[in-house]
Chemist: 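Quick one: this structure, given as structure tokens, is what I'll be asking you about.
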Amino acid sequence: MTLSREGKAFAPSNIALIKYWGKRDRALNLPITSSLSVTLGQLGTCTTLRERPLEFKGLCQYEGDHLYLGDTCVDPQTEFHRKATRFLSLSRPTPETRYELRTASNIPIAAGLASSASGFAALTLALNDLYQWNLSIPDLSRLARQGSGSACRSLEQGFVEWHAGSRADGMDSYGTRLEVTWPEFSIGIIVLSDQPKPISSRLAMERTRETSTLYQAWPTQVANDLARIRPALLAKDIETVGQVAEHNALSMHATLLSADPAILYSTPKTVEIYHTLWAFRQETGIPVYLTQDAGPNVKLITLAAYEARIESIFPTVHWVHPFEACSATNQQILTPILNKCP
Ligand code: DP6
């Protein structure tokens, strides 16, 4: 018994500089506001996908789609399995089609780094490869968005803006790349916890939108932040980019704190990092800023030239250079990664 031909793809993870927080349509993952992120170059997810004849069992003994994380069969009761199966059902050739999906990530395992973004972007690209759809980037982005909103910003390298759009069918809600190449731009990842999130971002978004009075101000703030950060990215103005991104992230967390019941992803260690970073910036004038997503880990925004000085206060920081591989062609970047795919 053999499996069908395979589709194989890599997609990078991404970190939002201007956050996506709140949906206007939960089924289609349509956001209330636009958002803007930077992809993490070679850090991301590899996925291989095949159609599985029903008789073929492999390691996973259950019915339905078989999901492997590395060599481990994923429990079909998990949220991860449910989300992937639901997503695959958007494009199953027949209701009986079953898949074998193997996924592996080279993101530091504990970092909680938007793995759903790279995961659904890679799965979208693997489907495109398996069925030879030859879809355009906007079409791929619109499909990936339905798996996880932030995944629609992981189809291209560099700075990507997800346009919220206004149509009910979501056809105008997808990511496009900004024409900026900034080799010195650097993201520092400080991993503080590998514990699962106390509440998923999907549920946290819903509760914030429904109960936080501060949330009313959020769409206006995002519009202002986007208007400031776009020209700053084009001008490679790290001070403005960092200030706007840090303010945007902290404002998002303020809306979470004012939800009822309150949602707090920060731990005492997270807050300690805020204070250390702010004191360091004040003393040295070094442009280093923070951002934080739906977890306690902190990401730094700076330039490569300052990394050594910053390591004196944060020795465990892991640096990522989103534009490192951009001088190579896409194929040169992807081939070594794809060869390591499961
Ligand atoms: C805080 O894209 O994971 O990282 O659409 O429900 O899957 P779903 O949410 P997801 O949310 C990401 C939230 C964030 C901000 C961001 O990446 O913009």
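Read the numbers this way: they start at 1 and go in the same order the structure lists the ligands and their atoms. Values in this document were obtained by computation on a predicted structure and should not be read as measured data. Count residues from 1 along the sequence.
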Chemist: Would you call Arg202 and Glu79 a salt bridge, taking side-chain N to carboxylate O under 4.0 Å as the test?
Modeler: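 No.
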Chemist: Are the charged groups of Arg52 and Asp65 less than 4.0 angstrom apart, N to O?
Modeler: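 No, no charged N to carboxylate O under 4.0 Å.
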Chemist: Using a strict cut-off of 4.0 Å, indicate which atoms of ligand 1 neighbour a heavy atom of Ala16.
Modeler: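 Going through ligand 1 atom by atom, the ones under 4.0 Å from Ala16 are 16 (C), 17 (O), 18 (O).
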Chemist: Give yes or no for whether the N/O distance cutoff of 3.5 Å, strictly under, is met between Ser148 and ligand 1.
Modeler: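 Yes; the residue has a nitrogen or oxygen that sits under 3.5 Å from a nitrogen or oxygen of the ligand.
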Chemist: Parallel, tilted or perpendicular, judged at 30° and 60°: which one describes the rings of Tyr265 and His253?
Modeler: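 Ring orientation of Tyr265 relative to His253: perpendicular.
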Chemist: For the 3.5 Å polar cut-off, considering only N or O atoms, please tell me whether Gly149 and ligand 1 meet it.
Modeler: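 There is such a contact, yes.
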Chemist: Asp293 heavy atoms, cut-off 4.0 Å: which ligand 1 atoms fall inside?
Modeler: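 Here the atoms of ligand 1 in question are 1 (C), 4 (O), 14 (C), 15 (C).
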Chemist: Looking at every heavy atom in both Leu290 and Glu246, which two are closest together, and how far apart are they?
Modeler: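 So the minimum-distance heavy-atom pair works out to N-OE1, 3.0 Å.
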Chemist: Please state whether Arg145 comes within less than 4.0 angstrom of ligand 1, counting heavy atoms only.
Modeler: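 Contact absent.
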Chemist: Counting both backbone and side chain atoms, is some N or O of Ser150 under 3.5 Å from an N or O of ligand 1?
Modeler: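 It does: an N or O of Ser150 is found under 3.5 Å from an N or O of ligand 1.
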Chemist: Please determine if Trp21 has a nitrogen or oxygen closer than 3.5 Å to a nitrogen or oxygen of ligand 1.
Modeler: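 N/O-N/O distance under 3.5 Å: no.
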Chemist: Under 4.0 Å from a heavy atom of Lys23: give me the atoms of ligand 1 that qualify, with their elements.
Modeler: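 It comes down to these atoms of ligand 1: 5 (O), 6 (O), 8 (P).
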Chemist: Tell me, please: is Ser116 in heavy-atom contact with ligand 1, that is, under 4.0 Å?
Modeler: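 True for this residue.
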Chemist: Are Ser35 and Arg153 close enough, and set up right, to give a side chain to side chain donor-acceptor pair (under 3.5 Å), and what steps lead you there?
Modeler: CA-CA 9 Å; Ser35 56; Arg153 300 185 309 233; 2.9 Å; yes
Chemist: Run the salt-bridge test on Arg230 and Glu161 with the 4.0 Å N-O cut-off and return the result as yes or no.
Modeler: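 Between Glu161 and Arg230 there is a salt bridge, with a charged N closer than 4.0 Å to a carboxylate O.
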Chemist: Got a sec, which residues hit side-chain contact (heavy atoms from CB on, under 4.5 Å) with Ser266, two or more places apart in sequence or on another chain?
Modeler: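 Applying side-chain contact (heavy atoms from CB on, under 4.5 Å) to Ser266 gives Leu264, Thr270, Val271, Tyr274, Gln292.
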Chemist: When you look for heavy atoms under 4.0 Å from ligand 1, do you find them on the side chain of Gln292, its backbone, both, or neither?
Modeler: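 It is neither; nothing of Gln292 touches ligand 1.
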Chemist: Measuring centre to centre across the rings, with the benzene-like ring taken for any Trp, is Phe185 within less than 6.0 Å of Phe159?
Modeler: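 Yes; Phe159 has its ring centre under 6.0 Å from that of Phe185.
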Chemist: Can you tell which of Val222, Asn224, Thr291, Ile229 makes a side-chain contact (heavy atoms from CB on, under 4.5 Å) with Asn248?
Modeler: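 Per the side-chain contact (heavy atoms from CB on, under 4.5 Å) rule, the option paired with Asn248 is Val222, out of Val222, Asn224, Thr291, Ile229.
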Chemist: Which atoms of ligand 1 sit under 4.0 Å from any heavy atom of Asn29?
Modeler: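 So the atoms of ligand 1 that pass are 5 (O).
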Chemist: Under 4.0 Å from any heavy atom of Lys83, which atoms of ligand 1 are there?
Modeler: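 Listed by number with element, the hits are 7 (O).
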Chemist: Using heavy atoms and a threshold below 4.0 Å, how should the contact between Arg26 and ligand 1 be classified: side chain, backbone, both, or neither?
Modeler: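 Neither part.
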Chemist: Can you name the atoms of ligand 1, numbered from 1 with element, that are less than 4.0 Å from a heavy atom of Arg202?
Modeler: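 Matching atoms, with element in brackets: 6 (O).
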Chemist: Is any side-chain N of the basic residue among Glu206 and Arg26 closer than 4.0 Å to the acidic one's carboxylate O?
Modeler: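 So Glu206 pairs with Arg26 through a salt bridge.
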Chemist: Compute the shortest N/O to N/O distance between Ser35 and ligand 1 and return yes if it is under 3.5 Å, no if not.
Modeler: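 Not met; the criterion fails.
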